[in-house]
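One structure coming up, written as structure tokens, with questions to follow.
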2 protein chains.
Amino acid sequence: MSDASFQSTSREWSLSGSGPLYIQLRQLLENKIECGDFRPGDPFPAEREIADLCSVSRVTVRKAVQALVADGYVVQRHGSGNVVAESVERVEQSLSRLTSFSEDMQRRGRTVRTSWLEQGIYPASPEEMIALGIRSDTMVSRIARLRIADDTPLAIERASLSTNHLPNPEKVKNSLYALLEEYGCKPVRAVQRISAINLNAEDARLLEVPLASAGLRIERISYSSHGQVIELTRSVYRGDAYDFVAELQIGDAAK
Amino acid sequence: MSDASFQSTSREWSLSGSGPLYIQLRQLLENKIECGDFRPGDPFPAEREIADLCSVSRVTVRKAVQALVADGYVVQRHGSGNVVAESVERVEQSLSRLTSFSEDMQRRGRTVRTSWLEQGIYPASPEEMIALGIRSDTMVSRIARLRIADDTPLAIERASLSTNHLPNPEKVKNSLYALLEEYGCKPVRAVQRISAINLNAEDARLLEVPLASAGLRIERISYSSHGQVIELTRSVYRGDAYDFVAELQIGDAAK
DNA sequence: ATATTTAATACCAAAACAATACCAATTGTC
DNA sequence: GACAATTGGTATTGTTTTGGTATTAAATAT
């Protein structure tokens, strides 16, 4: 309630630039979000409040805010106020540890076979560029294999690595990680994103299931001990034949 | 009431901050619990008492208290009074990461709604009998709810419990785990099985997606500290709107 | 001059907030 | 067991806050 001359960070609330006010204001607000001045998740200042702070009309503020809404920066909520949104529209939830493919298969006593689909060096796709953090003119090593358990195709694994980390993808025979260890870039941490998809034509054929069957899609990014991205692996598992098992401890250990 | 300057402990009962009263009050009460002012185990001040102390309406107190109930801090008991819950908060938080959206959704500025589909006692299905380890003539408590964010249905949760552990499923309002705490059977461990399915007619209708769309199916079995099965929860998430994220440590730390 | 953009004023509508009054369940006492 | 006191539960309503919209006037571009 007290006066708002308090100033949280380096940037102020003054509009001293040139051009339309609502454009300047939009820039100002966007910066405040990008800088982390407004944390995604919590309330965005009310429109009248911003209007007072910047000494402009509320409609001007509105125009700026609406531009941010259009770009997905903030969500408007009539009666309760606006909030800073997270940029992703897909909802995420965390799990603890997951069992790995081989681990799981062994436990179920099944025989595992691998069929190679792809093994070589190719121009990087946009998705690979982003995930691996490489430039557009770089090549990447790709390894794609079909996992077969007891003559039933279970999963397709497509791994992409920078050629720095894996210059000779054709040499991978069994364990990718064993070879990586030779080059001294062993992954120590990984983040997996698990979602459900309807299989496309190619994947459905490979997995020998009808088109549009449900599949588990797992995108994994592995990091070295230095925090460097090592590999991007996109896998698709047959939904009708594979389960991921996660075990959680719900400890009182907290506090 | 003028003489509210009375002060029971280190902290006062005055609300001098800014913002909605019930939020301030919630904060105040939560602090008192965290500080050990109210010890877990026994009685929480009556609502009318708090109302007098803070010179606010009882409904305001109620709203604050209900927020605490939703987070598992307090258990309400009609007629006899409220009770400070045990260290449920960690349980709630951990399981919360898996089941409830509220936190994640609020972070994204989305409004969360829950629609109850089923709440009662029914004859056990074969699957439930096996998972819960009960005899064929036993009844089970079922709770089924639809999780909705911004008018977009995101998930269906179907929980089944033995009637020994949850004799009154219709009483579950917010937190299932807070209620379970009353009966002294709180889950400490859970195993989740994640798979992909093509949604059946009913689930597709509820989630407002085309028939046979891909969905994430998560089956969770929670255990008490005695290794007894507490609950079986079968959830279905919209594949096009939900990701699960898992972070893994690779290598030595395993096992 | 005329049309478009810009920004202000004033008013509308929806949601949340908080208070009053009343209902229902449990407990203790007689 | 009946009854009263205490406690949580609910409905209703008025107020406040907040976003939403129409209108209008000035500035700018065409």
Side-chain angles (χ1 to χ4, degrees), chain A residues 1 4 15-29 38 42-70 73-85, chain B residues 1 4 15-29 38 42-70 73-85 102 106 109-113 150-151 167-168 170-175 178-179 182:
Chain A
M1 291 294 245
L15 301 176
S16 45
S18 61
L21 282 178
Y22 75 98
I23 301 253
Q24 296 178 48
L25 184 56
R26 190 214 122 103
Q27 207 71 6
L28 180 78
L29 295 172
F38 300 140
D42 43 40
F44 198 70
E47 294 179 353
R48 288 173 174 85
E49 192 180 339
I50 299 176
D52 276 0
L53 280 169
C54 299
S55 310
V56 293
S57 149
R58 214 196 96 216
V59 191
T60 305
V61 174
R62 237 182 113 58
K63 246 183 141 175
V65 170
Q66 273 174 340
L68 293 176
V69 170
Y73 280 102
V74 341
V75 177
Q76 288 182 311
R77 221 153 271 310
H78 197 164
S80 54
N82 297 335
V83 290
V84 183
Chain B
M1 309 319 177
L15 301 177
S16 44
S18 63
L21 283 177
Y22 76 98
I23 300 251
Q24 297 177 49
L25 185 56
R26 190 215 124 102
Q27 207 72 7
L28 181 80
L29 295 172
F38 301 138
D42 284 297
F44 197 71
E47 296 179 353
R48 287 174 175 84
E49 191 179 341
I50 299 176
D52 276 0
L53 280 168
C54 299
S55 309
V56 295
S57 151
R58 213 196 98 215
V59 190
T60 305
V61 174
R62 240 183 108 58
K63 245 183 139 174
V65 170
Q66 274 176 338
L68 294 175
V69 171
Y73 281 103
V74 167
V75 177
Q76 288 182 311
R77 279 199 281 204
H78 198 163
S80 50
N82 295 336
V83 167
V84 181
S102 16
Q106 274 183 353
R110 305 176 82 165
T111 306
V112 177
R113 206 168 88 231
D150 275 352
D151 297 319
N168 45 4
E170 72 284 351
K171 279 199 173 176
V172 177
K173 295 261 165 59
N174 293 306
S175 168
L179 195 57
E182 268 193 84

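Letters A, B, ... are given to chains in the order of the sequence lines, protein chains preceding strands, and every chain is numbered from 1.
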Residue Lys63(A), side-chain atoms from C-beta onward, closest of dA8(C), dA11(D), dT6(C)
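So the nucleotide nearest the side chain must be dT6(C).
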Looking at dA19(C), dA22(D), dG19(D), which one has an atom nearest to any side-chain atom of Val59(A)?
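Nearest listed nucleotide: dA22(D).
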Can you tell which of dG20(D), dT26(C), dA18(C) lies closest to the side chain of Gln76(A)?
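Nearest to the side-chain atoms of Gln76(A), counting from C-beta on, is dG20(D).
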Whole angstroms only, please: what is the CZ-P distance between Phe44(A) and dG19(D)?
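After rounding, the reported distance stands at 10 Å.
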Listed nucleotide nearest any side-chain atom of Arg48(A), set dT26(C), dA15(C), dC11(C)
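That would be dC11(C).
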Leu25(A) CG to Leu68(A) CG distance, which is reported to the nearest 0.5 Å:
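Atom-to-atom, Leu25(A):CG and Leu68(A):CG are 8.0 Å apart.
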Can you tell me if Gln24(B) uses its side chain to pair, donor with acceptor, with the backbone of Gly19(B) under 3.5 Å?
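Looks like yes, one N/O pair under 3.5 Å.
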Name of the residue among His78(B), Gln76(B), Arg77(B) meeting side chain to side chain contact (heavy atoms under 4.5 Å, CB included) with Ser80(B)
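Output: one option passes, namely Arg77(B).
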Out of dA7(C), dT26(C), dG9(D), which nucleotide sits closest to the side chain of Ser80(B)?
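Of the options given, the side chain of Ser80(B) lies nearest dT26(C).
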Examine dA8(C): is either OP1 or OP2 under 4.0 Å from a nitrogen or oxygen in the side chain of Thr60(A)? Give yes or no.
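For dA8(C), OP1 or OP2 has a side-chain N or O of Thr60(A) closer than 4.0 Å.
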Any base atoms under 4.0 Å from Val65(B), or only sugar-phosphate, or nothing? Heavy atoms, all strands.
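Nothing, no nucleic acid heavy atom in range.
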Could you tell me the separation between the CG atom of Leu28(B) and the SG atom of Cys54(B), rounded to the nearest 0.5 Å?
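It comes to 6.0 Å.
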Send over the distance from Gln66(B) CD to dG9(D) C1', rounded to a whole Å.
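In whole Å, dG9(D) C1' lies 9 Å from Gln66(B) CD.
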Tyr22(A) side chain near dT6(C) phosphate (N/O to OP1/OP2, under 4.0 Å)
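Checking Tyr22(A) against dT6(C): at least one side-chain N or O falls below 4.0 Å of OP1 or OP2.
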Closer than 4.0 Å, any side-chain N/O of Ser57(A) to the OP1 or OP2 of dA8(C)?
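Indeed, a polar side-chain atom of Ser57(A) lies that close.
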Please confirm whether any donor atom in the side chain of His78(A) sits under 3.5 Å from an acceptor in the base of dA15(C), or the reverse.
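When only heavy-atom distances are counted, His78(A) does not reach the base of dA15(C) through any donor-acceptor pair under 3.5 Å.
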Given atom CD of Glu47(A) and atom C1' of dA8(C), what is their separation to the nearest angstrom?
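After rounding, the gap between these two atoms is 15 Å.
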In whole angstroms, how far is the P atom of dA19(C) from the CG atom of Leu21(B)?
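Atom-to-atom, Leu21(B) to dA19(C), this comes out as 6 Å.
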Using whole Å, report how far CG of Asp52(A) lies from C1' of dT17(D).
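Nearest whole value for this atom pair: 14 Å.
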If I take atom CD1 in residue Ile23(A) and atom C1' in nucleotide dT5(C), what distance separates them, rounded to the nearest angstrom?
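It works out to 11 Å between those atoms.
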Taking 4.0 Å as the cut-off, does a side-chain nitrogen or oxygen of Arg62(B) come that near to OP1 or OP2 on dG9(D)?
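Yes, within the criterion.
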Taking the side chain of Arg58(B) as its heavy atoms from C-beta onward, which of dG19(D), dA22(D), dG9(D) lies nearest to it?
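Closest nucleotide among those given: dG9(D).
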Considering all heavy atoms of both residues, which atom of Pro45(A) and which atom of Phe38(A) are nearest to each other, and what is their separation?
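Closest approach of Pro45(A) to Phe38(A): CG-CZ, 3.8 Å.
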Rounded to whole angstrom units, what separation is found between the CD atom of Gln24(A) and the C1' atom of dA7(C)?
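Checked: the CD to C1' distance equals 13 Å.
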The side chain of Asn82(A) lies closest to which of these nucleotides: dA18(C), dG19(D), dA25(C)?
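So the nucleotide nearest the side chain must be dG19(D).
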